[in-house]
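Below is one structure, written out as structure tokens; comments come after it.
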Amino acid sequence: MTTLPLALTQGDPSGIGPELTLKAYAARKTRALPPFFVLADPAQLARTAAALGLEIALREVAPEGAAAVFDSALPVVPLGLSVRGAPGAPEPADAAATILSIERAVELVAEGKARALVTNPIAKNVLYAAGFAHPGHTEFLAALAERRYGRPFRPVMMLYSEELAVVPATIHVALAEVPRLLTRELLVETGVIVAADLSSRFGLASPRLAFAGLNPHAGESGAMGREEIDVIAPAIAELRARGIDATGPHPADTMFHAAARARYDVAICPTHDQALIPIKTLAFDRGVNVTLGLPFVRTSPDHGTAFDIAGKGVAEATSLIEAIRLADRMTAR
Ligand SMILES: NC(=O)C1=CN([C@@H]2O[C@H](COP(=O)(O)OP(=O)(O)OC[C@H]3O[C@@H](n4cnc5c(N)ncnc54)[C@H](O)[C@@H]3O)[C@@H](O)[C@H]2O)C=CC1
Ligand SMILES: NCC(=O)COP(=O)(O)O
């Protein structure tokens, strides 16, 4: 059993990330969590713990020292940047620390000082206002991987729970852009990466991929749109020719009930909301966002920064805890 710790990023310090990190640490024994450290501003974590009445010891450490102290204190690897945003009031100036935390976590995983990254939520609009040029973690992590490993990576977002796993083939784009972006090449590339990572990281010998249609009734034989005929079905045929168990296009409104879910391991959907609405409805409290296609493992809670409840002490840490457990499981094999 490896004791190499997991690296947690701070996320937006004005969101619920600091509270969740403290609560996950408090649950380390009851949930049998592996050692982790958080890349953050120790003073801000201490302020959060005090404000919420959480009696949790914090210890500033280097990554190499994290596992040894984990039993008695939450290991904090300082970023060297102070953050000042109050709970629920994000501060654009804190974006630099939020981004640095992600960059450092990738470096530490690449250097063999951490096993995997678990990211706390970021507010995309806050980072965009500070000049962040990536749609979200998913694409930023691929850029960092390319910088580190010297070749491009094609990241794929998967939301995972025991009940359902989903992949949005297009992610943070306007709905009006989807028909243009939804190409056979995109779907084939996505299917190949999903099949490979479900085999290598999740131990599925022959993963079953179910593709959703884009249009009502999967296009009703072309009467309600042609993307199923022109794009999705040819992509499925190509994947099948490559030996991948791919089915569809399935009408998206009838592929998420329990009997339908039993027929596949992952649903690949043309749009973000087609994929994320069913899993957030079924498993919001325990869904995990996983980035496939990278040379390292990254997981995250399925929710966002929840500024509306930050600082109130009511945030549920269950999704972050599942993200920690899944990163552990994915790197244990
Ligand atoms: N992985 C990431 O970094 C993600 C970041 N976001 C970002 O989060 C920001 C806010 O997004 P929203 O759409 O408002 O989604 P959200 O997930 O932050 O909040 C939606 C609702 O769920 C509640 N909620 C969320 N997490 C909770 C928890 N752990 N315990 C109890 N209640 C919880 C919130 O209070 C709110 O009512 C956006 O800027 C978005 O970009 C959203 C999703 C993922
Ligand atoms: N809706 C999912 C989400 O926003 C997560 O994005 P990412 O930051 O993990 O790329």
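Because only heavy atoms are used, hydrogens play no part in the values below, and waters and symmetry mates are left out as well, while side chains stay in. In this chain, residues are counted from 1 in sequence order. Whatever order the structure lists ligands and atoms in, that order sets their numbers, starting from 1.
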Using the side-chain contact (heavy atoms from CB on, under 4.5 Å) definition, which of the options Arg154, Met158, Glu185 pairs with Thr190?
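For Thr190, the side-chain contact (heavy atoms from CB on, under 4.5 Å) test succeeds with only one of Arg154, Met158, Glu185, which is Arg154.
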Could you tell me, atom by atom, which parts of ligand 2 come under 4.0 Å of a heavy atom of [X]?
X      : value
Arg298 : 9 (O)
Leu276 : 1 (N), 2 (C)
His172 : 1 (N), 2 (C), 3 (C), 4 (O), 6 (O)
Gly136 : 8 (O), 10 (O)

In terms of relative ring orientation, are Phe296 and Tyr149 parallel, tilted or perpendicular, with 30° and 60° separating the classes?
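Ring orientation, 0 to 90° scale: tilted.
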Could you tell me how the ring of Phe70 sits relative to the ring of Phe36: parallel (under 30°), tilted (30 to 60°) or perpendicular (over 60°)?
perpendicular
For Arg115 and Asp328, run salt bridge (Lys or Arg N to Asp or Glu O under 4.0 Å): C-alpha distance rounded to whole Å, both residues' side-chain angles, the deciding distance at 0.1 Å, then the answer.
CA-CA 8 Å; Arg115 232 183 330 148; Asp328 183 39; 2.8 Å; yes
Nearest heavy atom to atom 5 (C) of ligand 2: which of Asn289, Val290, Asp302 does it belong to?
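Nearest option to atom 5 (C) of ligand 2, by heavy atoms: Asn289.
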Ranking His134, His137, Lys124 by closest non-hydrogen atom to atom 6 (O) of ligand 2, top hit is Lys124
Could you please provide the protein residues found below 4.0 Å of ligand 1 on a heavy-atom basis, arranged by chain and number?
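Heavy-atom contacts below 4.0 Å: Ile16, Pro121, Ile122, Ala123, Lys124, Asn125, His137, Phe284, Ser300, His303, Gly304, Thr305, Ala306, Asp308, Ile309, Ala315, Glu316.
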According to side chain to side chain contact (heavy atoms under 4.5 Å, CB included), who are the partners of Ser319, at least two apart in sequence or on a separate chain?
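Partners of Ser319 under the side chain to side chain contact (heavy atoms under 4.5 Å, CB included) test: Pro301, Asp302, His303.
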Test Glu322 against every option in Arg286, Arg329, Arg31 by the salt bridge (charged side-chain N to carboxylate O under 4.0 Å, His left out) rule and name the one that passes.
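Of the listed residues Arg286, Arg329, Arg31, the salt bridge (charged side-chain N to carboxylate O under 4.0 Å, His left out) partner of Glu322 is Arg31.
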Under 3.5 Å donor-acceptor pairs involving side-chain atoms of residues 207-223, not counting sequence neighbours:
{"from": "Arg208", "atom 1": "NE", "to": "Asp265", "atom 2": "OD2", "distance (Å)": "3.2"}
{"from": "Arg208", "atom 1": "NH1", "to": "Ala262", "atom 2": "O", "distance (Å)": "3.2"}
{"from": "Arg208", "atom 1": "NH2", "to": "Asp265", "atom 2": "OD1", "distance (Å)": "3.0"}
{"from": "Asn215", "atom 1": "ND2", "to": "Glu227", "atom 2": "OE1", "distance (Å)": "2.9"}
{"from": "Asn215", "atom 1": "ND2", "to": "Glu228", "atom 2": "OE1", "distance (Å)": "2.9"}
{"from": "Asn215", "atom 1": "ND2", "to": "Glu228", "atom 2": "OE2", "distance (Å)": "3.3"}
{"from": "His217", "atom 1": "ND1", "to": "Glu220", "atom 2": "OE1", "distance (Å)": "2.8"}

Identify the protein heavy atom lying closest to atom 1 (N) of ligand 2, giving its residue, its atom name and the separation to 0.1 Å.
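Here the closest protein heavy atom is His272 NE2, 2.8 Å.
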Starting from atom 10 (O) of ligand 2, which protein heavy atom do you reach first, and at what distance in Å?
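For atom 10 (O) of ligand 2, the nearest protein heavy atom is Thr138 OG1, 2.6 Å.
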Going by atom type alone, with no hydrogens or angles, which donor-acceptor pairs under 3.5 Å involve a side-chain atom of residues 8-16 and a protein atom two or more places apart or on another chain?
{"from": "Thr9", "atom 1": "OG1", "to": "Asn120", "atom 2": "N", "distance (Å)": "3.0"}
{"from": "Gln10", "atom 1": "NE2", "to": "Thr98", "atom 2": "OG1", "distance (Å)": "3.4"}
{"from": "Asp12", "atom 1": "OD1", "to": "Ser14", "atom 2": "N", "distance (Å)": "2.8"}
{"from": "Ser14", "atom 1": "OG", "to": "Ala86", "atom 2": "O", "distance (Å)": "3.1"}
{"from": "Ser14", "atom 1": "OG", "to": "Ala89", "atom 2": "O", "distance (Å)": "3.3"}

Spell out, yes or no, whether Leu294 and Leu186 are grouped together once hydrophobic residues are joined by side-chain heavy atoms under 4.5 Å, including indirect joins.
no
Out of curiosity, Glu139 CD to His172 NE2, how far, rounded to the nearest 0.5 Å?
7.0 Å
Could you tell me whether Ile171 approaches ligand 2 through its side chain, its backbone, both or neither, with non-hydrogen atoms closer than 4.0 Å?
neither
